[in-house]
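Naming convention: chains lettered A, B, ... in sequence-line order (proteins, then strands); numbering from 1 in each chain.
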Amino acid sequence: MTPFYAFDAFDYTTAMVLGTILGFFFGLVLEGSGFGKAENLINQFYGDDMRVFKVMFSAIVTAMVGMGILGGVGLMDLSAVSIPVTYLWPQIVGGLLLGVGFAVSGYCPGTAVVATGTGYVDGVMTLAGILAGSVAFGFVYPALEGFYVSGEMGNLQLTELMGLPWPVMALIVTLVAIGCFFGAEYVERWLAVRRDHAPPPEAPAVRNASLGAMVALALLGVLSLAVPTTTEAVAERDIDTIDALTLAQQIVEQPTEVYIVDLRSAEACVAERIQGALCLTEEDPDAAFLADMPATRTLVLYGEGDLVGVPASAQQYAGAVFALEGGYASFTQAVLEAPTPPANPTPEAVATYRLTSELHGYFTGTASKAPPIQARPKAVERKVKKGGGC
Amino acid sequence: MGSTTNAEPAPYWNPYAAGFALGLVLLATYVLFGWGLGSSSAPTRLAVAAMDVVAPAYTEAHGYWGAYVAGGENPLQDWMVFEVIGVFFGGIVGAYSSGRMQMSPAVDKGPRIGSGTRLTAAFAGGIILGFAARLARGCTSGQALTGGAVLAVGSWAFMLAVFAGAYATAPFIRRLWR
């Protein structure tokens, strides 16, 4: 099941190496597109050569259609894909400003990196400006804080907005994009005649093959909707969640009432796991053994974080099935790390603190006496939502 | 203009074929990681790392930068930073292999301005880019391309705004380019 990283298929170092390799190909394609040279980017905005638009929308269509197909045939869990959160107003104003910066500098951030690699000093200066602009944003941020989070709409996608499944939306976007490509070529030729210069070189055969492939894949995506997937079968049974503290109490008080199964990689589980948890083995990475287990206990499953799905075998488990909220990370934080006394000692907070201290002692073997509670001023916390992307 | 490796650089890729290839790279990123490509957060992280050296206490307490360095975290130890290092080397290999590499530092500019004006404009435009990318939580890579491919509403609004902003600006700065 993909995305692989969401299912713990490889570790941090591998992730960084793969990220560098993917970036390498990203840079290679940007350079091949001509985007290491400002002239080729700026031509878009004078209508002389619209390759920025053509490359960008072909890429969007290809990735979008590809994900639609993989999701449709059940190879990719589209719900595990990160969708940028919409903050409409800062995104529109930021977009307008970025367009101004694009036209003035001749680059956008990614292409400035490629231009720097190609040996253009204007690319280097653009990058230096981007650094300065990032710092400037930080200094102005306190004044913009309210605006920065305005127009929040969550992970809203066009599919939800239009009430259409991903592959159908992808087909519509593909057809609109292709219409726009022919429109762009028409404008290029028209302006070339008016301005008395040669239009950008055309290669109808390559264009038709590329666009034909996109349409064929988009249609395949729509067809893939007819493929029954295991993902749908999994979704039939609702898995309740259990929080780390409740699970910890359960382990202390009635350990024989639960089966705990660690769904992380065998390696991670062998290194450290929740006390009493069963690890997956190399022979049975999909936890098929669960289907045959007697339903005498409650089954608790956990991954590194929240589980994005449970194995099909767990669906067949006859007893109650729970997923650990926040996964092993949450358990570590709640129980294995020494609790800190509450800053604001309300009776509830103190009771929780006593409980976590006891559990912490039990699971770590320190069993230390809880330190006295000190009244401290309440810390002001501000949670900043960071743009994941670019 | 600096000298290039060959007298005749290779032609650029067909834009649709290049877009198809870029789409496959983006798709591979989503399949492997569940997220997409980006660019502007790497320079931002570099800026935060510099701020953290110059004024660590201020940076850690800062409402925006604090999250990048929370818990003594190194802001440069991030997937996106590695990815952008890859972009840089991909650009070099692409330029070198196609004969487009500028073997001595070059300036790409319009015919009516000098290099000084061009470099000043590049820096000024860069400042706007850097600021705008943080305000919008991403740039043409992380928002328009990546968010566009997963049909995020805000990313599409951002993308249309980028084109609108650039088209609205272009006529006023013709001197820089034409």
Side-chain angles (χ1 to χ4, degrees), chain A residues 2-3 5-6 16 19-20 23-25 27-29 31-34 38 45 51 54-55 58-60 62-64 66 82 84 86 91 94-105 108-110 114 117-119 122 125-126 129-130 133-134 137 141 156-158 206 210 384 387 389-390, chain B residues 12-16 18-19 22-23 25-27 31 33-35 38-40 43-44 47 64 67 79 82-83 86-87 90-92 94-95 102 108 119 122-123 125-132 134-142 147-149 151-154 158 161-162 165-166 169-170:
Chain A
T2 65
Y5 200 52
M16 297 306 124
T20 314
F24 176 86
F25 285 106
L28 195 68
V29 179
E31 201 287 326
S33 306
F45 305 115
R51 42 173 58 239
K54 293 173 194 167
V55 172
S58 301
I60 290 174
T62 304
M64 179 178 60
S82 107
T86 294
Q91 280 177 309
L96 289 169
L97 274 176
L98 197 117
V100 176
F102 198 159
V104 173
S105 71
C108 59
V114 177
T118 308
D122 42 316
M125 288 305 283
T126 305
I130 292 170
S134 307
F137 179 78
Y141 176 76
L156 185 64
Q157 289 168 279
L158 291 172
V206 184
S210 306
V384 181
C390 185
Chain B
Y12 297 120
W13 303 4
N14 177 281
Y16 304 107
L22 181 51
V25 177
L26 180 57
L27 179 62
V31 167
F33 292 97
W35 62 70
S39 301
S40 67
T44 301
Y64 186 75
W79 187 89
F82 284 89
E83 184 241 81
V87 171
I92 289 178
Q102 304 300 310
D108 188 38
L119 296 182
F123 184 70
I127 294 176
I128 305 173
L129 286 173
F131 185 93
R134 291 288 54 86
L135 182 60
R137 298 173 170 78
C139 65
T140 7
S141 317
L151 298 155
V153 170
F158 169 83
V162 170
T169 311

[X] versus [Y], closest heavy-atom pair with distance:
X	Y	result
Trp35(B)	Ser82(A)	CB-OG, 4.0 Å
Val55(A)	Ala18(B)	CG2-CB, 4.3 Å
Ala136(B)	Gly95(A)	CB-N, 4.4 Å
Ser105(A)	Ala122(B)	CB-O, 3.7 Å
Leu98(A)	Gly138(B)	CD1-O, 4.5 Å
Ala103(A)	Ala166(B)	CB-O, 4.0 Å

Between [options], which shows the greatest number of heavy-atom pairs under 4.5 Å with chain B?
options	value
Thr2(A), Ile60(A), Val206(A), Val114(A)	Ile60(A)
Gly32(A), Gly119(A), Gly66(A)	Gly32(A)
Phe102(A), Tyr5(A), Phe24(A)	Phe24(A)
Val104(A), Val29(A), Thr126(A), Asp122(A)	Asp122(A)

Quick check for you: to the nearest 0.5 Å, what is the distance between [X] atom [atom1] and [Y] atom [atom2]?
X	Y	atom1	atom2	result
Ile127(B)	Leu97(A)	CD1	CG	13.0 Å
Ile130(A)	Ile128(B)	CD1	CD1	11.5 Å
Met125(A)	Phe123(B)	CE	CZ	6.0 Å
Glu31(A)	Tyr12(B)	CD	OH	7.5 Å

Partner chain A: residue of [options] with the largest heavy-atom pair count (under 4.5 Å):
options	value
Gly148(B), Gly91(B), Gly147(B), Gly126(B)	Gly126(B)
Leu129(B), Thr169(B), Leu26(B)	Leu129(B)
Gly90(B), Ala47(B), Ala170(B)	Gly90(B)

Are any non-hydrogen side-chain atoms of Thr118(A) and Ile92(B) less than 4.5 angstrom apart? no

Does any part of the side chain of Thr62(A), heavy atoms only, come nearer than 4.5 Å to the side chain of Leu27(B), both counted from C-beta? no

For the CZ atom on Phe25(A), are there more than 12 heavy atoms of other groups (residues, nucleotides or ligands in this structure) within a distance under 6.0 Å? no

Does Arg134(B) use its side chain to pair, donor to acceptor, with the backbone of Gly133(A) at less than 3.5 Å? no

Mind telling me whether Tyr64(B) and Phe137(A) have parallel, tilted or perpendicular rings, with 30° and 60° as the class edges? perpendicular

